[in-house]
Amino acid sequence: MGRYLLRRLLQLVPVFIGTTFLIYWLVWAVPGDPFAGKCGERRCPDQYIAFMTDKYHLDQNVFVQYANYMKNLLQGDFGQTFSQQEISDIIATAYPNTLKLALVALAIEAVVGLGAGVLTGLRRNGFLDNLVLVSTLFLIALPVFVVGFVLQWLLGVQWHIVKPTVSSEMRWSELIVPGFVLGSASVAYIARVARTSIAENRRADYVRTAIAKGLPMRRVVGVHLLRNSLIPVVTLLGTDLGALMGGAIVTEGIFQINGIGRSVYRAIVTKESATVVGIVVILVLVYLVMNLLVDLLYAALDPRIRYE
C-alpha cells in the first residue's frame with residue numbers, strides 16, 4: 001500500500017502540471033483587450049498599459065508566463081489582480097463558503113441518494129421504486145436554476161419556511177436548501193446507481209450464502225450487500241466534490257452566496273485571468289486528491305482489491 005500511495009502521488013505531479021498549463025494557456029489565450037474598461041469609458045493611457053504589461057509579463061510567451069506563475073505558486077503567491085488585490089485573499093474569503101456549501105450538498109447526496117437507492121434496490125417494481133424512478137428522472141431533466149428558483153420562491157417567499165437568501169454568517173441550517181439545489185442532479189444519479197448496484201449484488205452467491213447461514217437480514221444488507229455495492233457510489237461521491245465546487249455559480253447567484261462561483265464569474269466578466277487561473281488551480285487539486293482517496297477507499301470496501 002505504501003509503494004502504491006507513493007506511486008500515485010508521483011503520478012499526480014505531471015497530471016497537475018499538464019492540467020494547470022492547459023488551463024493557463026486557455027485563459028490567457030482568450031482574445032480581447034485585458035485592459036478594456038479598467039480606466040472607465042476612456043482608453044487606458046499607453047504608459048499604464050506598458051507598465052501593467054511589463055509587471056504581469058504579458059509580452060512574454062505563454063511558457064515563460066506559466067513558468068513564472070508556477071514558481072510563485074509554489075511559494076504560496078497566487079499573484080494580484082489588475083486592481084492590486086491579492087488573489088490569495090479572494091480565495092481565502094470565497095473558498096470556505098463554497099466548500100461549506102459543497103459539503104452540505106455532498107452529505108445530502110449521500111443520505112438521500114444512497115438511502116433511496118438502497119430501499120428501491122431491495123424492493124424493485126413497487127410503488128416506492130416507481131416513485132423514486134420518476135422523481136430522479138424529474139430532477140435530472142430540470143436545470144439547476146429552475147430547481148433553485150422554484151424552491152426559493154416556494155420555501156422562502158410563499159411559505160416562509162427558510163430565508164430566500166443566505167446570510168453572511170453562512171449557518172449550516174441556511175445551506176440545506178441551496179445544498180439540495182446544488183446536488184439535486186447528483187442525488188438522482190446516485191439513487192439510480194445505488195439501486196442498480198444493490199439489485200445486481202443481491203443475486204450474488206455471497207449474499208445467498210449469508211442468507212443460507214441464517215444471518216439477520218440487517219447484517220446481510222449492512223455488512224455484505226451494501227459494502228460491495230458502494231464502490232460505484234463512492235466513485236460518484238468522491239469525484240463530485242470538485243464538480244460541485246466548480247458548478248456552484250448558479251446556486252451561489254440565486255441564494256446570494258459569496259463563493260468561488262461568483263468570484264469566477266466576476267473575474268471572467270472583468271477579464272481578471274489570474275483570478276480565474278488561481279481558483280481553477282485549487283479545483284484541480286481537489287479533483288486529484290479526491291480521486292486518490294476514492295482509489296484508497298476501494299480497498300477498504302472490497303477486500304479482494306489489493307494495491308502493491
Side-chain angles (χ1 to χ4, degrees), residues 16-102 165-170 242-288:
F16 176 75
I17 293 175
T19 52
T20 52
F21 173 75
L22 181 61
I23 293 165
Y24 191 91
W25 179 78
L26 288 174
V27 170
W28 284 102
V30 173
D33 183 7
F35 304 106
K38 296 293 186 297
C39 301
E41 296 182 357
R42 63 185 179 86
R43 184 180 180 274
C44 290
D46 293 336
Q47 296 86 347
Y48 172 81
I49 295 177
F51 172 78
M52 297 298 286
T53 300
D54 179 70
K55 179 178 180 179
Y56 291 98
H57 310 289
L58 300 181
D59 55 340
Q60 298 176 343
N61 65 67
V62 67
F63 297 99
V64 176
Q65 292 185 48
Y66 176 74
N68 291 329
Y69 180 80
M70 289 302 297
K71 180 179 68 175
N72 295 330
L73 186 64
L74 292 176
Q75 299 173 359
D77 182 10
F78 284 84
Q80 293 180 333
T81 65
F82 290 140
S83 58
Q84 309 303 308
Q85 185 179 5
E86 293 290 337
I87 297 175
S88 57
D89 294 339
I90 298 176
I91 296 175
T93 302
Y95 184 82
N97 295 338
T98 300
L99 179 61
K100 200 172 181 179
L101 175 62
T165 58
V166 176
S167 65
S168 58
E169 289 81 7
M170 290 280 294
L244 291 173
M245 296 178 65
I249 297 178
V250 174
T251 305
E252 291 178 355
I254 294 173
F255 294 97
Q256 299 296 308
I257 299 173
N258 184 27
I260 61 173
R262 298 185 70 187
S263 299
V264 168
Y265 175 75
R266 288 194 295 265
I268 293 174
V269 171
T270 58
K271 296 183 180 180
E272 293 285 357
S273 301
T275 305
V276 177
V277 174
I279 292 176
V280 175
V281 164
I282 298 295
L283 296 180
V284 169
L285 286 174
V286 172
Y287 269 111
L288 295 178

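Just so it is clear, the model here is predicted, and its values are computed rather than measured. Keep in mind that the numbers below use all heavy atoms, side chains included, and drop hydrogens, waters and symmetry copies.
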Sub-4.5 Å side-chain heavy-atom contact between [X] and [Y]:
X      : Y     : value
Ser88  : Asp77 : no
Met245 : Leu99 : yes
Ile282 : Phe78 : yes

_So for atom CZ, which belongs to Phe16, do other residues, nucleotides or ligands contribute more than 12 heavy atoms lying within a distance under 6.0 Å?_
yes
*Derivation of the side-chain contact (heavy atoms from CB on, under 4.5 Å) call for Ile87 and Thr81*: CA-CA 6 Å; Ile87 297 175; Thr81 65; 4.0 Å; yes
I'd like to know if the side chain of [X] reaches the main chain of [Y], judged simply by a donor and an acceptor atom lying under 3.5 Å from each other, with no hydrogens or angles considered.
X      : Y      : result
Asp54  : Ala50  : no
Gln65  : Gln60  : yes
Glu252 : Arg262 : yes
Tyr69  : Gly79  : no

Which heavy atom of [X] sits nearest a heavy atom of [Y], and at what distance?
X      : Y      : value
Ile260 : Ala94  : N-CB, 3.6 Å
Leu101 : Ile257 : CD2-CD1, 4.0 Å
Gly259 : Thr98  : CA-OG1, 3.1 Å

Rounded to the nearest 0.5 Å, what separation is found between the [atom1] atom of [X] and the [atom2] atom of [Y]?
X      : Y      : atom1 : atom2 : value
Tyr66  : Asn61  : OH    : CG    : 14.0 Å
Met70  : Thr20  : CE    : OG1   : 4.5 Å
Ser263 : Ile249 : OG    : CD1   : 10.0 Å
Asn258 : Asn97  : CG    : CG    : 6.0 Å
Leu73  : Asn68  : CG    : CG    : 12.5 Å
Leu283 : Thr19  : CG    : OG1   : 11.0 Å

*Using 30° and 60° as the class limits, which term best fits the ring planes of Phe21 and Phe63: parallel, tilted or perpendicular?*
parallel
*Can you tell which of Glu86, Glu272, Gln85 makes a side chain to side chain contact (heavy atoms under 4.5 Å, CB included) with Gln80?*
Glu86
